[in-house]
Student: 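Below is one structure. I have some questions about it.
What you see is a predicted model; the values in this text were computed from it and never measured. Chain letters run A, B, ... following the sequence lines, proteins first and then strands; every chain starts at 1. As a basis for the values below, the full set of heavy atoms in this structure was taken, side chains included, without hydrogen atoms, waters or symmetry mates.
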Amino acid sequence: MSPRAKVDPQLEDVRKRMRHSAAHVLAEAVTSLFPEAKLTIGPPTDDGFYYDFDVERPFTPEDLERIGAVMRKSIHSNHKFVEREVTRDEAMGLVKGNRYKLEIIEGIPEGERVTFTSHGTFEDLCRGGHVGSTGEIKVFKLLSSAGAYWRGDERNPMLQRIYGTAWESPQAQEAHLKRIEEAEKRDHRKLGRELKLFFFDPIAPAMPFFTPRGAFVVNRLVEYVRGLYTRYGYTEVITPQIFSTDLWKRSGHYDNYIENMFVMEIDEREYGVKPMNCPAAALVYKSDTRSYRDLPLRLADFGRLHRYERSGVTLGLTRVRSFSQDDAHIYCRVEQIAQEVRGFITMLQESYAVFGFNEARFTLSLRPEKRMGSDEIWDKAEAALESVLAELGVDFEKNPGEGAFYGPKIDVFVPDAIGREWQLGTVQLDFNQGERFDLEYQSEGGARERPVVIHRAMLGSLERFLGVLIEHTVGAFPVWLSPVQAVVVPIADRHNAYGMQVRDRLLAAGVRAELNDSAERMQAKIRDAQLQKVPYMLVVGDREMEAGAAAVRTRTGENLGAMSLDEIQVRLVKETAIPR
RNA sequence: GCCCCGGUGGCGCAGCGGUAGCGCAGCCGAUUUGUAAUCGGCCGGUCGUCGGUUCGAUUCCGACCCGGGGCUCCA
């Protein structure tokens, strides 16, 4: 399901003007109800608009209602939007006392027009882009208010933002609100509880507990990745959880990342819980002498990571403080970068196709101002990444200056149910770790050389991946990932014994089957299995018992009719196999 | 970290100065039923924590913890 359907550009333009205009009307209403409010900015957004105000106190839901009512009046009056150009001095005079608007005017480049737009008696500094009159704002709804920093900088004062949505017709708005509602039903936090996959407890904030069902899914993902690793030439290591801060000082985390780490003191020695696997990988690399013949060396590590995320930034499974990644570090020569990245991206594409993540977005982040490593190596590395993407036909955006100080990277983003994008996969070249840990290998000529390190994760954090996967599938995992793959539904008590045989046979064949022998009616058992998104329901009654069969129903509501147990077993064994 | 909102049995909610109720789930009993909820009964809550106001607090106030919507952050 694509997060945003394409709409025709003309309609998009009308919506944008309408929403921008709605923001003006909102500002007008707030100004009339709260004369002391200072106006700042109010742009249209993808599906609505907002306006930020500097006010004495935050808005309450009741305020929003009053504001909405005043807006409706203004729209009813159908005031024309009129734009006028003013001189800078005039503009400064018009906004005096409002530091925000002054700042905006100061930011307008010399030679550019400074304009104000008015409707009725309200006027606001504005570069234009409105509908003809307020009456053209067909429908709108104020949705919420929230704090937001001026210019998005937390050192600046906090403003109060009001969010709204506006559409060309009540139907369009209704459809939009409906979409939001539907998306909420897919929220992985809600589904995680309903499907009994995971939960949180205040005793360990932002650290998920996986129940047997959730743990099964996570483990299954790991098994799947391990299967790929075998084919793609990786080996796996297991490393410690906690290291003396000596290691973090050496790796640079102590200087740059310590505020995000869990640190403790034991026996007068300071330790840090690992937030990343790389230093441990470096130690594994150093644990033996390495020759150019050993490269590329691909070391996978599913180690659990802990990061102290600031309170207020965590979100369900998608942003947690305890997680594990399908992480690996590849040690190779500069000339091998392209080959390694190609292999990785190929594997990533293969796996995303398996999960149906067709809308993945790739970004290529290039050298920042502050960086380490020679220009020559950056040239080679960036060229390698870019050529691999081009060669594999991957669409990507370039983000100049966005690379890490230690190397360029490719990130892969996938949207959740409401279109928020989450970074899952990543490949980061690292010219730093070799130096810091004094990593080397012996080359053909016997010289000691530094390997390049490639950090890479495919599914990324398994927790986050699961969260996004739940939203994509609405909890209906592919059969091979389903914690319960089939439920046997006896119609009456006299079918329970046979039902148990059916279940045991499937269990013996490696299918995760359950028997629902409760005193409920068949309908209720089916409903329960449906709600739990169990892919197969095997109904057994007199006829099936007689025939050594089960009536097969799928969670899509399809009734496949009676099938022999042999047939069912073959089908389920096939469908529950981990893809490869 | 910042602004706002919220925390009542496993889950979803109501109540809001006189120590709590509903639905679902669970348990027990009855029912034995052909593709999304059979009926009846029962159990279950120190109303997030700590402190204050009050004769009396789940209800009011404060602090803290946790969650949510945003902002910031995500070397």
Student: Counting only heavy atoms not in Lys16(A), do more than 12 sit closer than 6.0 Å to its NZ atom?
Tutor: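 Atom NZ in Lys16(A) is not packed in, count stays at 12 or less.
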Student: Using the side-chain heavy atoms of Arg553(A), tell me which of these nucleotides is nearest: A36(B), A75(B), C2(B).
Tutor: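 Nearest to the side-chain atoms of Arg553(A), counting from C-beta on, is A36(B).
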Student: Of the listed nucleotides (A37(B), C71(B), A75(B)), which one gets closest to any side-chain atom of Asn256(A)?
Tutor: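 Comparing A37(B), C71(B), A75(B) against the side chain of Asn256(A), the answer is A75(B).
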Student: Would you please test Phe357(A) and Phe465(A) for ring pair (Phe, Tyr, Trp, His ring centres under 6.0 Å) and show each step?
Tutor: CA-CA 11 Å; Phe357(A) 285 177; Phe465(A) 186 86; 5.3 Å; yes
Student: Picking from A36(B), U72(B), A75(B), which would you name as closest to the side chain of Val313(A)?
Tutor: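 Nearest to the side-chain atoms of Val313(A), counting from C-beta on, is U72(B).
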Student: Between Arg503(A) and Glu514(A), is the salt bridge (Lys or Arg N to Asp or Glu O under 4.0 Å) condition met? List the steps.
Tutor: CA-CA 6 Å; Arg503(A) 179 203 61 191; Glu514(A) 287 185 356; over 6 Å; no
Student: Quick test: give all pairs of protein nitrogen or oxygen and nucleotides 41-44 of chain B nitrogen or oxygen below 3.5 Å, distance rounded to 0.1 Å.
Tutor:
none

Student: With rounding to the closest Å, how many angstrom separate the C1' atoms on G41(B) and U46(B)?
Tutor: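 Each nucleotide's C1' atom is 28 Å from the other's.
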Student: Side chains of Asp517(A) and Asn496(A): do they bring a donor and an acceptor to under 3.5 Å?
Tutor: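 No.
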Student: Give every residue pair that meets the salt bridge (charged side-chain N to carboxylate O under 4.0 Å, His left out) criterion with at least one member in residues 311-323 of chain A, sequence neighbours excluded.
Tutor: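 Listed once each, the pairs are Glu309(A)-Arg319(A).
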Student: Between G7(B) and C43(B), how many Å separate the two C1' atoms, rounded to a whole number?
Tutor: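 G7(B) and C43(B) have their C1' atoms separated by 25 Å.
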Student: Within the structure, does a side-chain N or O atom of Tyr163(A) lie under 4.0 Å from either OP1 or OP2 of C71(B)?
Tutor: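 Answer yes for this pair, as a side-chain N or O of Tyr163(A) is under 4.0 Å from OP1 or OP2.
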Student: Between protein and nucleotides 31-33 of chain B, what N or O pairs are separated by less than 3.5 Å?
Tutor:
from	atom 1	to	atom 2	distance (Å)
U32(B)	O2'	Arg494(A)	NH1	3.4
U32(B)	O2	Asp493(A)	N	3.1
U32(B)	N3	Asp493(A)	OD1	3.1
U32(B)	N3	Asp493(A)	OD2	2.8
U32(B)	O4	Asp493(A)	OD2	2.3
U33(B)	OP2	Arg494(A)	NH1	3.4
U33(B)	OP2	Arg494(A)	NH2	3.3
U33(B)	O4	Ala519(A)	O	3.2

Student: What would the secondary structure line of RNA chain B be in dot-bracket form, counting Watson-Crick and G-U wobble pairs under 3.5 Å, with [ ] for pairs that cross earlier ones and | for pairs with another strand?
Tutor: ((((((((.[[[[.)..(..]]]].(((((.......))))).....[[[[[..)....]]]]])))))))....
Student: Just the rounded figure in Å: distance from C1' of G34(B) to CD1 of Ile526(A).
Tutor: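 Interatomic distance, CD1 of Ile526(A) to C1' of G34(B): 8 Å.
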Student: Polar pairs (N or O, both sides) under 3.5 Å between protein and nucleotides 65-69 of chain B?
Tutor:
from	atom 1	to	atom 2	distance (Å)
G68(B)	OP1	Arg189(A)	NH1	3.4
G68(B)	O3'	Arg189(A)	NH1	3.3
G69(B)	OP1	Arg189(A)	NH1	3.4
G69(B)	OP1	Arg189(A)	NH2	3.0

Student: How far, in whole Å, is G29(B) from C16(B) if one measures between their C1' atoms?
Tutor: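 Looking at atom C1' only, C16(B) and G29(B) are 38 Å apart.
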Student: Checking salt bridge (charged side-chain N to carboxylate O under 4.0 Å, His left out) between Glu182(A) and each of Arg179(A), Lys185(A), Arg186(A), which is the one that passes?
Tutor: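 Output: one option passes, namely Lys185(A).
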Student: What interatomic distance, in whole Å, is found between C1' of U8(B) and the corresponding atom of G69(B)?
Tutor: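 G69(B) and U8(B) have their C1' atoms separated by 22 Å.
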Student: When you compare C66(B) with U54(B), how far apart are their C1' atoms, in angstrom units rounded to a whole number?
Tutor: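 Going atom to atom, C1' in each nucleotide, I get 29 Å.
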Student: Tell me, which pairs form a salt bridge (charged side-chain N to carboxylate O under 4.0 Å, His left out) where one or both residues lie in residues 141-157 of chain A, sequence neighbours left out?
Tutor: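 Listed by first then second residue: Glu103(A)-Arg151(A), Asp153(A)-Arg155(A), Glu154(A)-Arg310(A).
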Student: Identify whether NZ of Lys or CZ of Arg in Arg553(A) sits under 6.0 Å from the centre of the six-membered ring of Tyr536(A) and within 45° of that ring's axis.
Tutor: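 No, Arg553(A) and Tyr536(A) do not form such a contact.
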Student: Is a donor-acceptor pair below 3.5 Å formed from side chain Tyr149(A) to base G1(B), judging by atom type as modelled?
Tutor: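 Answer yes: a donor N or O sits under 3.5 Å from an acceptor.
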Student: With rounding to whole Å, what would you report as the distance between G45(B) and G68(B) at their P atoms?
Tutor: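 One P to the other, the span is 27 Å.
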Student: Using the P atom as the point on both nucleotides, what is the distance between G40(B) and A25(B), in whole Å?
Tutor: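 It works out to 13 Å between them.
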Student: Any idea which of U35(B), C73(B), C71(B) is nearest the Arg310(A) side chain?
Tutor: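 The listed nucleotide nearest to Arg310(A)'s side chain is C73(B).
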